[in-house]
Novice: 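Pasting a structure below so you can have a look.
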Amino acid sequence: MILAIDQGTTSTRAIAFEVSPQGAFNPVAVSQIELAQHFPQSGWVEHDAAEIWRATLQTCREVVRKAGGVGRFAAVGITNQRETSVIWDAATGEPLHRAVVWQDRRTAEATGRLAAAGHEAMVQAATGLILDPYFSASKYAWLLDAVPGARERATRGEVLLGTIDAWLIWKLTGGQAHVTDATNAARTSLMDLATLQWRPDLCDLFGVPIQALPEIKTCDALLGTTDPALFGRALPIHGAAGDQQAALVGHGALNPGDAKITYGTGAFLVANVGDRPVASTSRLLGTMAYAAGGTVDYALEGSIFSAGSAIQWLRDGLKVLSDSRQSEALAQTLKDNGGVYLVPGFTGLGAPWWEPEARGTVVGLTRDSGPAHMVRAALESLAYQTRDLLDALKKDGAPPLKRLKVDGGVTANAFAMQFVADICEVEVERPAFQEMTAMGAARLAAYGVGLTSELWTPPAEAPAVWRPRMGEAERARLLKGWRGAVKAAIIAAAPDAGGDA
Ligand code: ADP
């Protein structure tokens, strides 16, 4: 068995996967603990790293017990919320501050200053990332400033920095290993994508002592060995990847032209672009796909801020649904969208628009527009936003998409998935087992420790597949309507920007 740890933004989970001789992964035990969110100021989001560690230990112990004891396990795999930044004391093993979470915007001014000073092109060329508070480097610098004496102590290795994977590896090994995996390191703005090494010049630029950073290893490497006191026996930690990259591995999107999109609250597209980093000119992010089995593959990534959350809003805000699942039948009471489009910019628009000030916008209402139109427009917006990301991929010269692998709560909606296939002109494939993030971590660990000879083999259960069947003219008409709606949303957010109309 493999013990997979899935440390997410809102909860910490452990899952025991039984691995059959044929390479099938069967989840046999799960344990989950919710994680407290702290919002000390507007735009700030923090987690207690000590709480994360306690929850990890507790869920792991529970799963080991439920699955029949530590003797049944071959290795540990880790996947985690990315970018979230932890600072801790190497001697005491205690966090020196609450962790700064990926959503946190407190370093917007700092990254803005670096951009204004002209550093963005160099940072993007080296790391694939734009200058944004999202990534760890500016969060590390903030933490080093906030904890008295920390920067100086960090140069002596007395204070350590890391993303959640590094923090958990350090705790699991009883402080023996300060190690991260390349997919997590790629989200810091400090790692050179081409060499998978920290860049001293970027560390200097952000003010982060390189001595405080973990050693970078591949996703399937031996990352450390658990302290025998924790589970009664030492286990090798043999797999780690950030959540979106773990999902990519879980889906088996291991070759150029493979891509996955996770439709949850938001939606995250990761497209495998092959063995060389691709520099985006259409505001996607360049990052790692995975590094395992001697292969290093890169990816382009784009995020949609509001996907399932638009359905939540229809349910909880507008109250036109009592359950998300009703959205499918209600949308299908209409023969088409009636010219109504919803741009779900509730928290701004992500890639490729990057319009943080945009807001949700509905266009095309007529006197007979009703709840069904709103629901249909919300579901259709998933497909249009996906199309925008795929168009950006194409513009960046990414290899042609073979198919789109999907997971997440919204993929239960067959109407929405068919519409994605139609609008994006791509085959959409939903695997029967949905926990792709934990599955990816488990597959990396099983492969790393030698339990399986392939990183991925197709699951026994057939996936659900949707193929494009919409005519070209209809697709073109719908996309034209969508682009008009996006324009309206952007103009509404900055009514003065266009000058006198
Ligand atoms: P997360 O991991 O981001 O919490 P999930 O993958 O659990 O998200 O997906 C939950 C989201 O899926 C919710 O926003 C919910 O509105 C949406 N959702 C769930 N079922 C359906 C459905 N049948 N049709 C449309 N949306 C759905």
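Counting starts at 1 for both ligands and their atoms, in listed order. Note that the structure is a prediction, hence the values are computed from the model and not measured. The figures here come from the full heavy-atom set of this structure, side chains too, leaving out hydrogens, waters and symmetry mates.
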Novice: Before signing off on this row, confirm whether Gly308 and ligand 1 have an N or O atom pair separated by under 3.5 Å.
Specialist: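 Yes, there is a polar N/O contact under 3.5 Å.
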Novice: Step through the shown structure and confirm whether more than 12 heavy atoms of other residues, nucleotides or ligands are within 6.0 Å of CD on Gln332.
Specialist: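 More than 12 heavy atoms, drawn from other residues, nucleotides or ligands, come within 6.0 Å of this atom.
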Novice: Does Glu328 come within less than 4.0 Å of ligand 1, judged by its heavy atoms?
Specialist: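 Contact check Glu328 vs ligand 1: negative.
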Novice: What do you reckon, is NZ of Lys394 surrounded by more than 12 foreign heavy atoms closer than 6.0 Å?
Specialist: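 No, not enclosed.
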Novice: Relative to the heavy atoms of Ser327, which atoms of ligand 1 are at a distance of less than 4.0 Å?
Specialist: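 Every atom of ligand 1 under 4.0 Å from some heavy atom of Ser327: 24 (N), 25 (C).
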Novice: Quick one: do the Glu62 and Ser31 side chains pair a donor with an acceptor below 3.5 Å?
Specialist: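 A donor-acceptor contact under 3.5 Å links the two side chains.
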Novice: If the cut-off is 4.0 Å to any non-hydrogen atom of Thr265, which atoms of ligand 1 fall inside it?
Specialist: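 So the atoms of ligand 1 that pass are 1 (P), 3 (O), 4 (O), 8 (O).
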Novice: Checking side-chain contact (heavy atoms from CB on, under 4.5 Å) against Phe135, which of Thr188, Leu190, Thr127, Ile130 comes through?
Specialist: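 Of Thr188, Leu190, Thr127, Ile130, side-chain contact (heavy atoms from CB on, under 4.5 Å) with Phe135 is met by Ile130 alone.
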Novice: Not counting sequence neighbours, which residues clear ring-ring contact (aromatic ring centres under 6.0 Å, His included) with Trp88? List them please.
Specialist: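 Testing Trp88 for ring-ring contact (aromatic ring centres under 6.0 Å, His included), a comparison that skips the adjacent residues, returns Trp167, Trp170, His178.
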Novice: Pick one of side chain, backbone, both or neither for how Ala416 approaches ligand 1, counting any non-hydrogen atom pair under 4.0 Å.
Specialist: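 No part of Ala416 is near ligand 1 at this cut-off.
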Novice: Other residues, nucleotides and ligands only: do more than 12 of their heavy atoms fall within 6.0 Å of CD on Glu461?
Specialist: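 No - once you tally the heavy atoms of other residues, nucleotides and ligands closer than 6.0 Å, there are 12 at most.
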Novice: Could you tell me, atom by atom, which parts of ligand 1 come under 4.0 Å of a heavy atom of Gln312?
Specialist: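 Per the distance check, 13 (C), 14 (O), 16 (O).
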Novice: Against heavy atoms of Arg325, which atoms of ligand 1 measure under 4.0 Å?
Specialist: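 Answer, ordered by atom number: 23 (N).
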Novice: With Arg82 as reference, evaluate Asp165, Asp243, Asp181 under the salt bridge (charged side-chain N to carboxylate O under 4.0 Å, His left out) test and give the passing residue.
Specialist: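 Single pass found, and it is Asp243.
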Novice: Among Ala414, Ser309, Gly409, Ala307, which one puts a heavy atom closest to atom 5 (P) of ligand 1?
Specialist: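 Closest candidate by heavy-atom distance is Gly409.
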Novice: Counting only heavy atoms on the protein side, is anything nearer than 4.0 Å to atom 24 (N) of ligand 1?
Specialist: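 Given the 4.0 Å limit, the answer for atom 24 (N) of ligand 1 is yes, a protein heavy atom qualifies.
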